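Every number for a ligand or one of its atoms is a count from 1 in the order of the listing. Nothing here was measured: the structure is a model prediction, and the numbers come from that model.
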Amino acid sequence: MDKLRIKGGKPLEGRIRISGAKNSALPAMAASLLTAEQVTLENIPFVNDIYTTRRLLRELGASVEFEDDHVVRLHAQKILSHEAPYDLVKTMRASVLVLGPLLARTGRARVSLPGGCAIGARPINLHIKGLEKMGATVRTEHGYVEATVDRLAGAEIVFDKITVTGTENLMMAATLAEGETVLQNAACEPEVVDIAEMLKDMGAKIQGAGTPTMSIRGVAELKGTTHRIIPDRIEAGTFLVAGAITKGELEIIDSNPGHLTSVVEKLREAGANIETGVGRMKIRGEANLKAADVVTKEYPGFATDMQAQSMALMTQAEGTSVITEDIFENRFMHASELMRMGANIRIDGSRAIVTGKTRLSGATVIASDLRASASLVLAALVAEGSTLIDRVYHLDRGYEKIEEKLQSVGADIERIK
Ligand code: EPZ
């Protein structure tokens, strides 16, 4: 397994280009199952979850061809299999995003239940409940969800809890249903809006994407399209924190500041100096960071996918910060590794109390999930001496060439194969 070796202490300076959003590219690739025509996606991030999705779609019968400049051509002319196997779903729970499109297109889907994950139980009961409301017969057996229907029917669906992939799955399913579907308490994330825009270009009738109430009027069939994936706001947020924590000066380009307002506000509250412009942001880390409390919320609140990175930052801030994780029940795995580097963190249920500023020293640490590994990279950038991060396959799932991007702005980082 690859490792990353990082020697801390250098302020980062320069320009970093942001890749396309993983959490938009995954549902966009699944959406290609909704049509027999070709779909072309531009600005695709070359990260491992995208390669897993390629394997999955090919198993279902689609052709999936990547082109160097971050373009993928997908063509699900015929669906040859209805099954998303356990071997793939266990490596990437977002595989569940083929459930809605498969059922809507063919009337059948057999998708392995994702099972638990490092950050929480993460059930898909709300996805299933919504499909049942649309008339599907759903059985869970031998670790698989088996769903069948002649044709999905429009329904009023009220989510008990805001769910991003749940909203995306049911939105996609509803595009080919008979009649109108209304999603209440829907997720408003920019990635949901991006998929809705793509589906509309394919001929779907969608209103209200980006608001808690979305309506979808089903059509008989969808056509192909070419769609450009939005920038990855979490990758951009991660590099903003890298600029703040190393007291460097970074320009973040091909990003969308409008998708990161709560993160930018929080970094400013902590004392970072951030300018924003069209498609770019510039951060200058100031001498003294101040403690700031963080509460993770659904969009437009503070993203849970930025919680771990903000914890690393708060170890370098003067004072006590309280970080409350409101979305997932077990998303503090990075805290114990940060403590191994010298951080002062106390976990109290869904709250982490971080006392700073503490001197961090390099150590061998283990990544437990995607964003936890990003927080260890950030801590290592300011730690004294060398840090060795193990299990960086977590990082590769969602960050494209992170060590090359960091090297390009002066970080002393290398991958150890
Ligand atoms: C998406 O996951 C993202 N993944 C996650 O990013 C992100 O952390 C999460 O949304 C929250 O923003 C993708 O888009 C591929 P949820 P998702 O359904 O859709 C509960 C990353 O780092 N829930 O919005 O799986 C659930 O347990 C990843 O890139 C149910 O109870 O998250 C959680 O507590 C990690 N039943 C809450 O809702 C359901 O049926 C929100 O989860 C569905 C969800």
Protein residues that have a heavy atom under 4.0 Å from any atom of ligand 1, sorted by chain and number: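 Only K22, N23, A94, R122, P123, I124, N125, L126, H127, K161, I162, T163, V164, T165, T304, D305, I327, F328, R331, L370, R371 have heavy atoms that fall under 4.0 Å of ligand 1, ordered by chain and number.
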
query: Any idea which heavy atoms bring I229 and N43 closest together, and the distance?
result: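 Nearest heavy atoms, I229 then N43: O-ND2, 2.8 Å.
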
message: Working to the nearest 0.5 angstrom, can you tell me the gap between I230 CD1 and N23 CG?
response: 9.5 Å

message: Regarding R371 and Y399, do their side chains bring together a donor and an acceptor under 3.5 Å, going by distance alone?
response: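 Present: a donor and an acceptor within the cut-off.
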
- request: Would you please say whether a donor-acceptor pair under 3.5 Å links the side chains of S81 and E59?
  value: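 Not at all, the side chains of S81 and E59 share no donor-acceptor pair under 3.5 Å.
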
- prompt: What residues form a ring pair (Phe, Tyr, Trp, His ring centres under 6.0 Å) with H227, not counting sequence neighbours?
  reply: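 With neighbours one apart ignored, the set is empty.
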
query: Using 30° and 60° as the class limits, which term best fits the ring planes of F66 and F46: parallel, tilted or perpendicular?
result: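 Perpendicular, since the angle between the ring planes exceeds 60°.
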
